[in-house]
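So you know, we letter chains A, B, ... as the sequences are listed, proteins then strands, and number each from 1. In this text the structure is predicted, and so the values were computed from the model without any measurement.
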Number of protein chains: 2
Amino acid sequence: MNSLKQMDRGALSDALDHFGQRTTPQRETVFGVLLNQRDHPTADEVYARTKSQMPTISMATVYNCLETLVSCGLVKQVNIEREPTRYCPNLSPHAHFHCRETGRVYDVPVPSGMMQELAGVLPGEYEADSVELVFRGHLSKGKTK
Amino acid sequence: MNSLKQMDRGALSDALDHFGQRTTPQRETVFGVLLNQRDHPTADEVYARTKSQMPTISMATVYNCLETLVSCGLVKQVNIEREPTRYCPNLSPHAHFHCRETGRVYDVPVPSGMMQELAGVLPGEYEADSVELVFRGHLSKGKTK
DNA sequence: ATTTGATTTAGAATAATTCTAAACTATGTT
DNA sequence: AACATAGTTTAGAATTATTCTAAATCAAAT
Ligand SMILES: [Mn+2]
Ligand SMILES: [Mn+2]
Ligand SMILES: [Zn+2]
Ligand SMILES: [Zn+2]
């Protein structure tokens with residue numbers, strides 16, 4: 001399975017439209033790859049996955065599409081230390097957990113009350129429009145989910 | 001003013017000793033640069049500042065010293081988006097605020113209770129040994145501190 | 001059909017960081 | 001003191017994720 005669900009296809013063209021950008025097969029395929037396997041892939045990984053569905057796509061296009069999706073607000077970049085940028089289509093407020101052992105990155109839902117509280121630690125003159133929360137450690141048990 | 005205070009010199013050699021590393025003039029100078037101007041400089045900036053006190057130091061040595069200080073736990077790396085790594089000698093629990101307008105990075109103290117609460121959002125199987133919190137936005141007023 | 005501008009593409013360029021290998025320095029031993 | 005050893009510094013090369021460039025392709029509008 002790989003093609004975009006109707007809902008996601010709609011969200012994609014709405015967002016692209018809104019920023020005066022075209023809906024293209026490359027953008028649809030890259031977006032589908034991100035929605036389909038939500039493991040915070042790097043550009044390289046997105047390239048490999050997209051190429052398996054669309055063998056002619058280039059790395060440059062993957063970077064272009066990812067940048068477009070980010071600038072339209074459909075995808076977030078996740079930077080952890082100096083590692084290659086990862087991409088996350090989860091738009092709900094969440095933190096990331098980076099496992100030192102496997103290198104994998106997991107979404108951790110954050111109650112919106114907590115986000116409020118976080119904003120509260122900022123002195124008055126600081127006006128934040130984004131908050132980024134990253135945990136690092138390891139997962140206990142064989143729980144790899 | 002630039003030389004290390006006795007307290008800091010002690011902390012430095014203790015930490016280096018503890019990890020079987022030598023106290024060298026380069027390491028002292030780089031550490032002093034970080035303690036002296038706590039604006040989260042990049043390696044380039046640390047290089048420039050250190051060079052003004054020790055004109056023969058090389059970029060490679062600055063990177064080596066910074067890495068040594070980090071591995072001894074005296075300094076933290078601060079990564080924001082894809083920008084060059086910054087270095088922070090503030091060991092108390094704090095968040096960072098990145099001003100989109102000036103590019104500057106500020107320390108924001110975080111009450112330890114808040115850190116507890118943050119750890120609380122993690123499901124049981126996630127064991128975090130570090131938490132990183134970064135705000136992005138802008139500073140109101142001419143308050144450039 | 002033609003024009004226009006956006007998009008895709010291959011490959012070159014960039015830039016922060018890491019690596020390499022040689023010179024230098026400090027420390028411990030005879 | 002001379003020597004051996006291991007750690008450190010250094011210049012420059014290498015690496016690598018990402019961005020840039022310029023040409024080819026595509027799609028909408030006239
Ligand atoms: Mn990792
Ligand atoms: Mn910036
Ligand atoms: Zn995520
Ligand atoms: Zn800091």
Whole Å only: how far is the [atom1] atom of [X] from the [atom2] atom of [N]?
| X | N | atom1 | atom2 | value |
| --- | --- | --- | --- | --- |
| B/K51 | D/dA11 | NZ | C1' | 12 Å |
| B/E28 | D/dT8 | CD | P | 13 Å |
| A/D17 | D/dA28 | CG | C1' | 13 Å |
| A/R86 | D/dA17 | CZ | P | 12 Å |
| A/E67 | C/dT7 | CD | P | 12 Å |
| B/I57 | C/dA23 | CD1 | P | 21 Å |
| B/R27 | D/dT10 | CZ | P | 11 Å |
| B/L16 | C/dA26 | CG | P | 15 Å |

From CD (B/E127) to CG (B/L122), nearest 0.5 Å: 10.0 Å
Spacing of OG1 belonging to A/T61 relative to CD belonging to A/Q26, to within rounding of 0.5 Å: 6.0 Å
Pair B/H40-B/D107, side-chain hydrogen bond (donor to acceptor under 3.5 Å, both in side chains): steps then yes or no: CA-CA 9 Å; B/H40 305 89; B/D107 279 349; 2.7 Å; yes
Exercise: do A/R136 and A/H98 side chains pair donor with acceptor under 3.5 Å: yes
Touch class at under 4.0 angstrom, heavy-atom based, for B/T85 against every strand present: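 The residue B/T85 makes sugar-phosphate contact but no base contact.
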Looking only at side-chain atoms of [X], point me to the closest of [options].
| X | options | value |
| --- | --- | --- |
| B/R22 | C/dT17, D/dT18, C/dA26 | C/dA26 |
| B/T56 | D/dT18, C/dA6, D/dT10 | D/dT10 |
| A/T61 | C/dT9, D/dT10, C/dT17 | C/dT9 |
| B/D44 | D/dA17, C/dA16, D/dT8 | C/dA16 |
| B/S58 | D/dA11, D/dA27, C/dT9 | D/dA11 |

For the student: nearest non-hydrogen atoms of B/F97 and B/V108, plus distance: CB-CG2, 3.9 Å
Below the 4.0 Å mark, does [N] have OP1 or OP2 next to a side-chain nitrogen or oxygen of [X]?
| X | N | answer |
| --- | --- | --- |
| A/Q21 | C/dT7 | yes |
| A/T24 | C/dT8 | yes |
| B/Q26 | D/dT8 | no |

Any residue meeting salt bridge (Lys or Arg N to Asp or Glu O under 4.0 Å) with B/E28, in chain and number order, not counting sequence neighbours: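 Per chain and number, B/E28 pairs via salt bridge (Lys or Arg N to Asp or Glu O under 4.0 Å) with B/R9.
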Residues forming a salt bridge (Lys or Arg N to Asp or Glu O under 4.0 Å) with A/R22, sequence neighbours excluded: none
Test side chain to side chain donor-acceptor pair (under 3.5 Å) applied to B/D39 - qualifying residues, sequence neighbours left out: B/Q37, B/R49
Residue list, side chain to side chain donor-acceptor pair (under 3.5 Å) with B/S130, at least two apart or on another chain: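 None.
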Dot-bracket encoding per residue of DNA chain D, Watson-Crick/G-U cut-off under 3.5 Å, | denoting interstrand: ||||||||||||||||||||||||||||||
Most 5' of A/M54 and B/P25 on DNA chain C, judged by nearest nucleotide: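 Closest to the 5' end, via its nearest nucleotide, is A/M54.
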Ring centers of B/Y126, A/Y106 separated by less than 6.0 Å: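 Centroid distance B/Y126-A/Y106: below 6.0 Å, so yes.
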Dump the pairs, protein N or O against N or O of nucleotides 18-21 of chain C, anything under 3.5 Å, distances to one decimal.
none

